[in-house]
Structures are given as C-alpha cells and as structure tokens.
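These numbers come from the heavy atoms of this one structure, side chains and all, not from hydrogens, waters or symmetry mates.
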Amino acid sequence: MDFDEINRLLDIVRQHDLSEFELEREGFKIRIKKGGLVQATGPFAPPPVPHAAGHAASAAPAPAASAPEAVPSPAVAPSDDADFAIVKSPIVGTFFRSAEANAPPFVEVGSTVKTGEVLCIIEAMKLMNEIDSEYDGEVVKVYVENGQPVQYGERLFAIKAREAI
C-alpha cells in the first residue's frame, strides 16, 4: 500500500464521517482512528501519517521516524458521570460481556482495568470486535446488558480513571 492509497482511504473515511476504519490484506494492516494517527503494520508499511480529523484537505506526509503513539479518546459525559471516563461504542452491533456464553465477563463493576485491556466484544456483521479500555482505572458502571444491540456512540462503561502521573 502506497501513500496515494492511504490518502484515498483517508478521503473515504472523511467523506463517510467514519470514526474508525481498519483494513487487513496480504500481511498488511492499517487502522485509521478519527482524531488520531494512521497506524499501519506489516513488512511494507509506510511511516506513520498524521490524520487530519474533520478536514477535507489531504494529510501531508509525516517525517519518517517515530513510532505511533497511543490514541486517547477522552469521552467524559457532562451529566452525573462527569467524574468518570465514558467508554462508548465505536460501532453498531451486539454487545457481549464475555468471549463465550458460559465464560465469565471480561470486567465487572469494581474491576481494575488498564489501558488496552479488553472490556467487551461487539459483534458486527459476524465479526467479533474487541473493545479495549482507553483508561487505567476502576469500572464503576456497565450501561448495556449482555446480548443487547448497541449504536455508534452509545455508552458502554464508566471508568473512574486514575490521574496520570
């Protein structure tokens, strides 16, 4: 995949106002997350390209060097959950608290989680998408029941995030 193909993907993501897009083919994987970086892996992956979220202009090539940084998505609700980080659904699908029907949930209220830890799975079009925590902290609320449909942007979890030191 070359720079022009990545720019075309960015244009499609902007045109359809997608918050996240992932493509994998022939050992190459690219993940585009709105407000973050373009992340690509594989033997022929180009250097990271900054993603100009919400802008119609194409992204300029990034200087070849640094590794992609974690993409934080602060989502604090203005309601009674103002003190908590809210994890929202990045896609439309069916919410599952565990990997299998008889397996224990990934997290419970009171569970301590770390950034990158799996919180749940959302099934969309027969694909199981793991939803990872973007925060270190304690799960204080689960908004959705197991097996329920969720919409894009719907609240899934409230996490009492630890202060960054």
4.5 Å side-chain heavy-atom contact, Tyr152 and Ile91: no

- request: Report yes if some heavy atom in the side chain of Phe106 is under 4.5 Å from a heavy atom in the side chain of Ile121; otherwise report no.
  value: yes

Residues that [X] engages under side chain to side chain contact (heavy atoms under 4.5 Å, CB included), provided they are two or more places apart:
| X | answer |
| --- | --- |
| Ala101 | none |
| Phe95 | Arg97, Cys120, Val142, Val144, Val150, Leu156, Phe157 |
| Gln151 | Val92, Glu154 |

Of all heavy-atom pairs between [X] and [Y], which one has the smallest distance, and what is that distance?
| X | Y | result |
| --- | --- | --- |
| Arg155 | Ile86 | CG-CG2, 3.6 Å |
| Val113 | Val107 | CG1-CG1, 3.6 Å |
| Lys114 | Ser133 | O-CB, 3.6 Å |
| Ser98 | Pro105 | CB-CA, 3.9 Å |
| Gly93 | Ile122 | CA-CG2, 3.7 Å |

statement: salt bridge (Lys or Arg N to Asp or Glu O under 4.0 Å) pairs touching residues 116-133, sequence neighbours excluded, are none

message: Let me confirm one number: the CD-CZ distance from Glu145 to Phe96, rounded to the nearest 0.5 Å.
response: 13.0 Å

message: I'd like to know whether CD of Glu100 has more than 12 heavy-atom contacts from other residues, nucleotides or ligands below 6.0 angstrom.
response: no

